Amino acid sequence: MTDSKYFTTTKKGEIFELKSELNNDKKEKKKEAVKKVIASMTVGKDVSALFPDVVNCMQTDNLELKKLVYLYLMNYAKSQPDMAIMAVNTFVKDCEDTNPLIRALAVRTMGCIRVDKITEYLCEPLRKCLKDEDPYVRKTAAVCVAKLYDISSSMVEDQGFLDQLKDLLSDSNPMVVANAVAALSEINEASASGQPLVEMNSATINKLLTALNECTEWGQVFILDSLANYTPKDEREAQSICERITPRLAHANAAVVLSAIKVLMKLLEILASDSDFCAMLTKKLAPPLVTLLSSEPEVQYVALRNINLIVQKRPDILKHEMKVFFVKYNDPIYVKLEKLDIMIRLANQSNIAQVLSELKEYATEVDVDFVRKAVRAIGRCAIKVEPSSERCVSTLLDLIQTKVNYVVQEAIVVIKDIFRKYPNKYESIISTLCENLDTLDEPEARASMVWIIGEYAERIDNADELLDSFLEGFQDENAQVQLQLLTAVVKLFLKRPADTQELVQHVLSLATQDSDNPDLRDRGFIYWRLLSTDPAAAKEVVLADKPLISEETDLLEPTLLDELICHISSLASVYHKPPTAFVEGRAAGVRKSLPNRSVGSGGASSAQGDDNNVANETTVIPNADSLIGDLLSMDINAPSPPMSAQQSNTSNVDLLGGGLDILLGGGGTSAPPAAANDNNIGGGLLDIFGIGPATASNMVTIPKITWLPADKGKGLEIQGTFSRRGGQIYMDMTFTNKAMSAMNGFAIQLNKNSFALTPAAPLSVPHLQPSQTAEASLVLATTGTVQRMEPLNNLQVAIKNNVDIFYFACLIHGNALFMEDGQLDKRVFLTTWKEIPAANELQYNLHGLQGNADNLAAKMTGNNIFTIAKRNVEGQDMLYQSLKLTNNIWVLLELKLSPGNPDATLSLKTRSVEVAQMIFAAYEQIIRAS
């Protein structure tokens, strides 16, 4: 009878019976009882009350019984730590047993019991097992070191286990080497420094390559992953490693094959691309990839996702293997779609006829989703392979003639893109497209057709009738179609104004009065004002040349692609996302990149600040006519209503055009000391500080400069600066009326910016008579919308009064953004400095310094740059400083001063190096201030 019988019992009061059986003198009865306990534990019953009785069963020579007891201990030791101590003597004794299986079992179990009290007793048995004569015990002990490091990293380092683990890399048994590599990799990922624990050199690599041939498949994967992190010192060494890894491409296990390909793809970056060896290696990579496509569908999909990356990086590898990516009738849909994508990436002039024939065949399939993708693929081929565009368009027209609804609609969507790519080339087919107007019922197809009618309205005689037919059900249309209709009718009006005036008025009325869609309403108002104030400008804006569609719009960004190539055979290569996008904490690992690429070092040259940076601030002010604003909420003719602080904070008007919102320092995983906001600091450094805001007694105030000259402001001149007082940011301005008439009704609005600055109160400026001057200080909050600006501290401003709306831009002074709680604890400073990669360290040279280190430290503290420690090294004073920006980005500084020398070096480390230039400029300003 099988062991399944132990899972079928439903007796009540069995704990008492089990207790009795566990204490039975007969070994068989004991074993049966332990099996029942394990079965109960497996199905979720609480059998922790039997802990002392089960532990007593450890004293046995029966390997099966010992395994069961150890299994129970692993499960309940954490909830019964005091009881678990009872088992320590048996563990220590078993670690010296004559049977290597028992020795390995004991050390494995001790590593799995995550109880601090037991961990102390684990060190000596583990040390012995790492030097055990049996390789099975040694390989088990190697993994145990990684488990122990997870429980107590300091113990592993203090007890010298890391050195023992490194020695195992030279072990005679390949499986011991593989497990040592796996353990070191895991420890390396979990270490606080993120620095490699083992220096990979030629000797170490040679040992790993020797063990590679004799390992199990998973051992080979561990070794290959470690080899992928090694960069050879020259091309000759890279060739040697390639030659020794190439046989792994013929392995039966897909994981080994993909790991080998990952290493070779990285080494190919080092080899000369025109060498014979590189050409031979490229040829050798194709067969294993093709072989993976004969596996089961799930493995095929993983292989295809990896191939997709490889084809983007090196299309030559599979350029002759197009046929293997042709879809089979019984492929699952996820495999079909991935093959389709790779076919398009491999398409070129030599194989396009074959590809188009295949795609046309796919368009007759029964799977609607697949047919849609196939039709879109034909359009992508037309855009990618220019000489074949005519053939592609002809194929699409053939598909339109089939009159299959969803095929026709997809064809129209892709033809719109072909028109964009090849203007004035295929417009003769528009009449054929218009014949199918009535059959279109999908928003994207209808929007594409409307775009075509509007774009080529001068070639379509009845364009006004066609667009009018769409307007009949305007309110029922999808927002995408409504927006296209609005633009198409305005285009038509600008091309044929005489007979389409009623039509444009009708659509503008529908968009601005009858619609509750803000996007549609805003666009309608913009068109209305453009047409009513300056038709010539409207023509330039609406009928401007469209940017051509690029060959491949769906390629991955090069740096992301390089990073994903380093993660071939992992989840990152399947998701096509870096590990940090879906793994939290240090488990995401250090960011990887291919060799021979810029990694952001050479910080000194790139970060040398311009000493004239402060003087040249005004150069960032753009011309007013280069700023396009959404002015709908700022009616110049209406009286200026009083603006509450809440309205100011929640305003959603984007004065100067939109853009991509990029939150600096937003990744909680990449910057431990920084947090998203003050209320959610979580595990950030503030929890460690326990400090309140510092008081600033001598904050530097930067002199005002002209932000808006009178000739640009119709007589209004604005001078201003930024300051920090009482823990708040102030925008201090001087308004001067140099016009002949009075000015009043002042209001202000800030565009989205890098630091989410927004007015915390209304702008208070009195009536300004001619030649009169008034001072205004505006408190700024940091609760606005974030959008990255160039430069980072650029702030775009709109000021309205009874004369007009005026636009200007200014630079926020960095010291206004330095927070009062920016002082780090010494230990936290040291840990954080080590954690931030060396690539994130930048340097800046300061000249003409006056005063000693103590004077400078005091001056900086008054401006929220806090000195953590001061040291004297070889006659140089070293100041270690920290500051925190309003968006919770932490910056660490090291200032090197030589007594009597007016020059100094400022080193900066931060997770977000984009802030460096602003910090350097602020440091310079504080030093120069009297």
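This chain uses plain numbering: 1 for the first residue, then up along the sequence. Note that the structure is predicted; figures quoted are calculated from it, not measured.
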Peer 1: Restricting to salt bridge (Lys or Arg N to Asp or Glu O under 4.0 Å), what partner residues turn up for Glu444, sequence neighbours left out?
Peer 2: Arg376
Peer 1: Would you say Met789 and Ser754 make side-chain contact, with heavy atoms under 4.5 Å?
Peer 2: yes
Peer 1: Can you tell me how far OG of Ser469 sits from CD1 of Ile453, rounded to the nearest 0.5 angstrom?
Peer 2: 7.0 Å
Peer 1: Given side-chain contact (heavy atoms from CB on, under 4.5 Å), test Phe806 with Lys714 step by step and report yes or no.
Peer 2: CA-CA 9 Å; Phe806 306 103; Lys714 297 184 179 179; 3.9 Å; yes
Peer 1: I'd like to know if Glu820 and Arg724 make a salt bridge, using a cut-off of under 4.0 Å between side-chain N and carboxylate O.
Peer 2: yes
Peer 1: Are the charged groups of Lys495 and Glu455 less than 4.0 angstrom apart, N to O?
Peer 2: no
Peer 1: How far apart are the closest heavy atoms of Pro497 and Leu494, and which atoms are they?
Peer 2: CD-O, 4.1 Å
Peer 1: Decide if the gap between the ring center of Tyr923 and the ring center of Tyr844 is smaller than 6.0 angstrom.
Peer 2: no
Peer 1: Would you call Arg725 and Asp732 a salt bridge, using N to O less than 4.0 angstrom?
Peer 2: yes
Peer 1: Check step by step if side-chain contact (heavy atoms from CB on, under 4.5 Å) holds for Leu883 and Ile919.
Peer 2: CA-CA 10 Å; Leu883 65 91; Ile919 304 296; 4.0 Å; yes
Peer 1: Under 3.5 Å, is there a donor on one side chain and an acceptor on the other for Glu557 and Thr559?
Peer 2: yes
Peer 1: To the nearest 0.5 Å, how far apart are CG in Asn801 and CZ in Phe746?
Peer 2: 4.5 Å
Peer 1: Could you walk me through whether Lys704 and Thr734 pass side-chain hydrogen bond (donor to acceptor under 3.5 Å, both in side chains), step by step?
Peer 2: CA-CA 8 Å; Lys704 290 178 182 173; Thr734 302; 2.7 Å; yes
Peer 1: Looking at Ile452, is its backbone amide N or carbonyl O close enough to the side chain of Lys416 to form a donor-acceptor pair, meaning the two atoms are under 3.5 Å apart?
Peer 2: no
Peer 1: What is the distance from atom CG of Leu485 to atom CD of Gln482, rounded to the nearest 0.5 Å?
Peer 2: 8.0 Å
Peer 1: To the nearest 0.5 angstrom, please state how far the CG atom of Leu508 sits from the CG atom of Leu486.
Peer 2: 6.0 Å
Peer 1: Determine whether a donor-acceptor pair (N or O, by modelled atom type, separation under 3.5 Å) exists between the side chain of Asn737 and the backbone of Ala739.
Peer 2: yes
Peer 1: Answer yes or no: is there a side-chain heavy-atom contact under 4.5 Å between Ser515 and Leu510?
Peer 2: no
Peer 1: Quick check on Glu775: does its CD atom have over 12 non-hydrogen neighbours (other residues, nucleotides or ligands) under 6.0 Å away?
Peer 2: yes
Peer 1: How long is the gap from OG1 on Thr512 to CZ on Phe525, to the nearest 0.5 Å?
Peer 2: 5.0 Å
Peer 1: Regarding Arg446 and Glu477, does a basic nitrogen lie under 4.0 Å from an acidic carboxylate oxygen?
Peer 2: yes
Peer 1: Could you give the distance from CD (Glu924) to CG (Leu846), rounded to the nearest 0.5 Å?
Peer 2: 5.5 Å
Peer 1: Check whether any side-chain N or O of Asn863 sits under 3.5 Å from a backbone N or O of Lys859 as a donor-acceptor pair, and report yes or no.
Peer 2: yes
Peer 1: What closest approach, in Å, do Arg928 and Gly848 show between heavy atoms, and which atom pair accounts for it?
Peer 2: NH1-O, 3.5 Å
Peer 1: Can we call the ring centroids of Trp707 and Phe722 under 6.0 Å apart?
Peer 2: yes
Peer 1: Counting only heavy atoms not in Glu502, do more than 12 sit closer than 6.0 Å to its CD atom?
Peer 2: no
Peer 1: Would a 4.5 Å heavy-atom cut-off, applied to side chains only, mark Leu483 and Arg523 as touching?
Peer 2: yes
Peer 1: Do the side chains of Phe493 and Val507 get nearer than 4.5 Å, heavy atoms only?
Peer 2: no
Peer 1: List the atom of Tyr730, the atom of Ser777, and the distance in Å for their closest heavy-atom pair.
Peer 2: CD2-CB, 4.2 Å
Peer 1: Is there side-chain contact between Asn840 and Thr910, with at least one heavy-atom pair below 4.5 Å?
Peer 2: no
Peer 1: Under a 4.5 Å cut-off applied to non-hydrogen side-chain atoms, are Ile926 and Met860 in contact?
Peer 2: yes
Peer 1: Grab the two heavy atoms, one from Asn864 and one from Phe818, that are nearest each other, plus how far apart they are.
Peer 2: ND2-O, 2.8 Å
Peer 1: State, to 0.1 Å, how close Leu492 and Ala457 come at their nearest heavy-atom pair, and which atoms those are.
Peer 2: CD1-CB, 3.5 Å
Peer 1: Does Trp528 form a side-chain contact (heavy atoms from CB on, under 4.5 Å) with Ile526? I'd like the steps, not just the answer.
Peer 2: CA-CA 5 Å; Trp528 202 319; Ile526 287 172; over 6 Å; no
Peer 1: Under 4.5 Å between any side-chain heavy atoms of Leu824 and Leu892, yes or no?
Peer 2: yes
Peer 1: Does the side chain of Met731 come within less than 4.5 Å of Ile748's, by heavy atoms?
Peer 2: yes
Peer 1: Backbone N or O of Phe755 within a donor-acceptor pair of the Asn887 side chain at under 3.5 Å?
Peer 2: no
Peer 1: What is the minimum heavy-atom distance between Ala776 and Phe735, and which atoms define it?
Peer 2: CB-CE1, 3.8 Å
Peer 1: Begin from the C-alpha positions of Leu885 and Met819 and carry the test side-chain contact (heavy atoms from CB on, under 4.5 Å) through to its verdict.
Peer 2: CA-CA 6 Å; Leu885 295 171; Met819 295 183 71; over 6 Å; no
